[in-house]
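Only one structure is covered here, and it is reproduced in the block below.
In listed order, ligands and their atoms are each counted from 1. Computed from a predicted model, the values in this text were never measured in an experiment.
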Amino acid sequence: MKNIAPAIFSPNGIGDTKPTNQAVLDWVHEIGKLTKPENIFWCDGSERENEFLIAESLKQNVLIKLNEKKVPRSYLHRSNPNDVARVEKVTFICTPTKEEAGPTNNWSEPADTYSKLYGLLNGAMRGRTMFIVPYIMGPPDSPLTKVGFEITDSKYVVLSMRIMTRMGKIALKRLGNDPKAEWNRGVHSLLDVDPDRRFICHFPRDNTIISVGSGYGGNVLLSKKCFALRIGSYLARKQGWMAEHMLILGVESPDGRKHYVAAAFPSACGKTNFAMLIPPAHFDGWKVTTVGDDIAWMEIREGRLFAVNPENGYFGVVPGTSYKSNPNAMKSIGHDTLYTNVALTDYNDVWWEGKDGAPPKHAIDWRGNDWTPGSKEKAAHPNSRFATPMRNNLALDPHVEKGDGVPISAIIFGGRRSDTVPLVYEAFDWNHGVYLGATMASETTAAATGTVGKVRRDPMAMLPFCGYNIGDYFRHWMDIGKRLTNPPLVFNVNWFRKGENGKFLWPGFGENMRVLKWVIDRCEQTGGALKSPVGWLPSPHDLDLEELDIDHKSVADLLGIDHEEWQKELAEHKTFFDSLGGVVPEELQKQREQLVARFKE
Ligand code: OXD
Ligand code: MN
């Protein structure tokens, strides 16, 4: 069989930074004995190492160099067409009991799973290089920061991990020599990228991840979904903190008052756009800054929640990204970026559906085939991605490296809902906020394989990422609430409500600042609101809609509560809770009953 990842041979001084921690060395030895690589490459994260790996990747056609004038120092990678998104049906939580994984996860017995995976990994790296990638998640001096090691036979993974994490010597330093220190073990092998031999398995009790048979980011950049969310959420509950699928942004008013907001939206629902929002001209002097675009690790200090972004880069969805939707992202991905599955123009530039300007007359599509505007196929895969360092973001928050994290004034939940859910509303209190998160739903997107556009409940946007029983996760949220003397206010937003003509009612993008401003007004106790059965709702004059081209009817429709639609919604909340088979905490059931009762008042 063709070796899809041939070994590379590095000169002295590259690939030989061995850690000194014996536990790491023992583990690498064990995995090496099993996978039988040609050689071992110990990454140090240096510039020289990166240049060498890029050069080797170009030689092996793992990367295509893009036009240096148009996108400096940037590359394109094409994944196997059978391997373009997260695959939830082969993602497993391997805990001793099924109950521990809970009703929303695929469960697999640990001993059997190890033995199946070790079988697949046996000799899997023959003729390949085994890369050892040390990394940290979190700012270098944060108490929340954690160490991980990923073993992989994919150069694309190494290059992406260097963008997405703080990688190399920094992790060896943080870990030190204590063989009992906590660190995450991640093993990844492409195998032969066969969907039938593709498994993404998490062993939370062992702080271990094994991912085989895929080369797609969400399945193989083990720092991200696997460690920072699935294993992270498990550790967070045990250790009393929170690992959430949330962006973190800062909002600063013209007179210098600043708040930080964390927001959980399901995959591909605009977290990156919201985190990089540029306020419209009407909000002269207001500034939005990005702490993170996907993951928040939060802990309690002095009765408040403080958050850090554990990542070091953005792994964002490309199609739809434009100067209209996200100018900061466009500038960020204009250089030093690793693209996956976008189209390549005849000028070696990148192109995707939704990019500004006219489509190229000819391009090579994400599969490597000729493409013209008349082609039936998309030029870029709908889940094509960029990996770009957060340093590229001109709106990066100055406190992104702050070890203590940033204090969170508000938490926003949101989903993609064509109907029922108003533009924005506020929970009555923390537990009601937990209910809003627990019953969140969204139309599915291309970020995971499966049907697109189907409404599914996605509690706290963590359905595919909660590494333990979802009932215990809800309880953890409420326990956190009990420890908060100054809890963030909790909101729900929906930018995606449609009118009778099937068109979006809200302009979105930068105009979301108007909603954010109301959130901040509520935090500062200056914003008005009306009590509704679902929570505190702004009336049209509580929102700053000045200089916005929107008619009264659209605003009324955006903020309206349609009782008929909500009766259906309430029934779906019940069906969802029932489907979880009795794990939903009593307090959340009570919240549901109170919501039903408020509709009868
Ligand atoms: C992501 C996802 O890639 O949520 O961030 O799928
Ligand atoms: Mn995500």
Side-chain angles (χ1 to χ4, degrees), residues 77 79 83-91 104-105 137 156-157 160-161 163-165 200 202 209 211 214-233 242-249 262-276 290-297 307 309-321 326 329 332-333 337-342 380-388 390 412-416 437 440-452 456 458-467:
H77 171 77
S79 74
D83 185 30
V84 291
R86 286 185 293 100
V87 240
E88 293 175 8
K89 68 175 191 298
V90 292
T91 300
T104 56
N105 282 310
M137 296 304 280
Y156 167 76
V157 167
S160 303
M161 287 293 282
I163 296 173
M164 294 304 299
T165 70
I200 299 100
H202 306 72
I209 305 152
S211 167
S214 171
Y216 168 73
N219 300 326
V220 299
L221 307 180
L222 301 184
S223 57
K224 192 172 178 66
K225 301 301 177 181
C226 300
F227 181 28
L229 287 179
R230 297 196 189 97
I231 298 279
S233 59
M242 302 174 95
E244 298 299 330
H245 191 199
M246 291 178 176
L247 67 93
I248 311 160
L249 58 79
F265 308 159
S267 306
C269 284
K271 281 205 299 299
T272 306
N273 291 350
F274 194 43
M276 294 185 176
T290 320
V291 179
D293 80 325
D294 195 39
I295 297 173
W297 280 2
N309 169 15
E311 301 192 279
N312 200 33
Y314 309 131
F315 183 65
V317 177
V318 181
T321 307
N326 193 340
S332 304
I333 65 179
T337 293
L338 178 44
Y339 287 91
T340 303
N341 292 342
V342 295
H381 187 275
N383 192 37
S384 51
R385 296 281 176 146
F386 56 76
T388 201
M390 68 176 180
I412 303 179
F413 295 116
R416 197 180 271 273
M440 234 172 92
S442 193
E443 289 149 27
T444 47
T445 67
T449 54
T451 322
V452 170
R456 78 165 177 180
D458 187 350
M460 283 81 172
M462 283 287 279
L463 182 74
F465 306 122
C466 179

Exercise. Verify, without hydrogens or angle tests, whether Lys271 (side chain) and Phe265 (backbone) share a donor-acceptor contact under 3.5 angstrom.
Key: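 Answer holds: yes.
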Quiz prompt | Sidechain-backbone polar pair: Asn341 side chain, Ser79 backbone, donor-acceptor under 3.5 Å | solution =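 Checked: pair present.
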Exercise. Output, in order, the C-alpha distance, side-chain angles, deciding distance and verdict of side-chain hydrogen bond (donor to acceptor under 3.5 Å, both in side chains) for Tyr156 and Thr340.
Key: CA-CA 10 Å; Tyr156 167 76; Thr340 303; 2.6 Å; yes
Quiz item: How far apart are the C-alpha atoms of Arg86 and Ser267, what are their side-chain angles, what is the distance that settles it, and do they pass the side-chain hydrogen bond (donor to acceptor under 3.5 Å, both in side chains) test?
Solution: CA-CA 10 Å; Arg86 286 185 293 100; Ser267 306; 3.0 Å; yes
Quiz item: List-wise, which protein N, O or S atoms are found short of 2.8 Å from the Mn ion (ligand 2)?
Solution: Lys225 NZ, His245 NE2, Asp294 OD1
Quiz item: What pair of heavy atoms forms the shortest contact from Arg416 to Ala268, and how long is it?
Solution: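 For Arg416 and Ala268, the tightest heavy-atom pair comes out as NH2-O, 3.0 Å.
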Quiz item: Which heavy-atom pair separates Ala228 from Ala243 by the least distance, and what is that distance?
Solution: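 Answer, listing the atom of Ala228 first, then Ala243: O-CB, 3.6 Å.
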Quiz item: Asn326 and side chain to side chain donor-acceptor pair (under 3.5 Å): which partner among Asn273, Thr321, Thr272?
Solution: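 That would be Asn273; it is the only one of Asn273, Thr321, Thr272 passing the side chain to side chain donor-acceptor pair (under 3.5 Å) with Asn326.
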Practice problem: Could you tell me how the ring of Tyr216 sits relative to the ring of Phe315: parallel (under 30°), tilted (30 to 60°) or perpendicular (over 60°)? | Solution: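 Answer is tilted, since the angle falls between 30° and 60°.
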Quiz item: Testing Ile163, Thr165, Ile295 for side-chain contact (heavy atoms from CB on, under 4.5 Å) with Glu311, which one passes?
Solution: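 Checked Ile163, Thr165, Ile295 against Glu311; only one passes side-chain contact (heavy atoms from CB on, under 4.5 Å): Ile295.
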Please tabulate, one line per pair, the protein nitrogen or oxygen atoms found under 3.5 angstrom from a nitrogen or oxygen of ligand 1, with distances to 0.1 Å, or say none if there are no such pairs.
unit_1, atom_1, unit_2, atom_2, d
ligand 1, 3 (O), Arg385, NH1, 2.8
ligand 1, 3 (O), Arg385, NH2, 3.2
ligand 1, 4 (O), Lys225, NZ, 2.9
ligand 1, 4 (O), His245, NE2, 3.3
ligand 1, 4 (O), Ser267, OG, 2.5
ligand 1, 5 (O), Lys225, NZ, 2.9
ligand 1, 5 (O), Asp294, OD1, 3.3
ligand 1, 5 (O), Asp294, OD2, 3.2
ligand 1, 6 (O), Arg86, NE, 2.9
ligand 1, 6 (O), Arg86, NH2, 3.2
ligand 1, 6 (O), Ser267, OG, 3.1

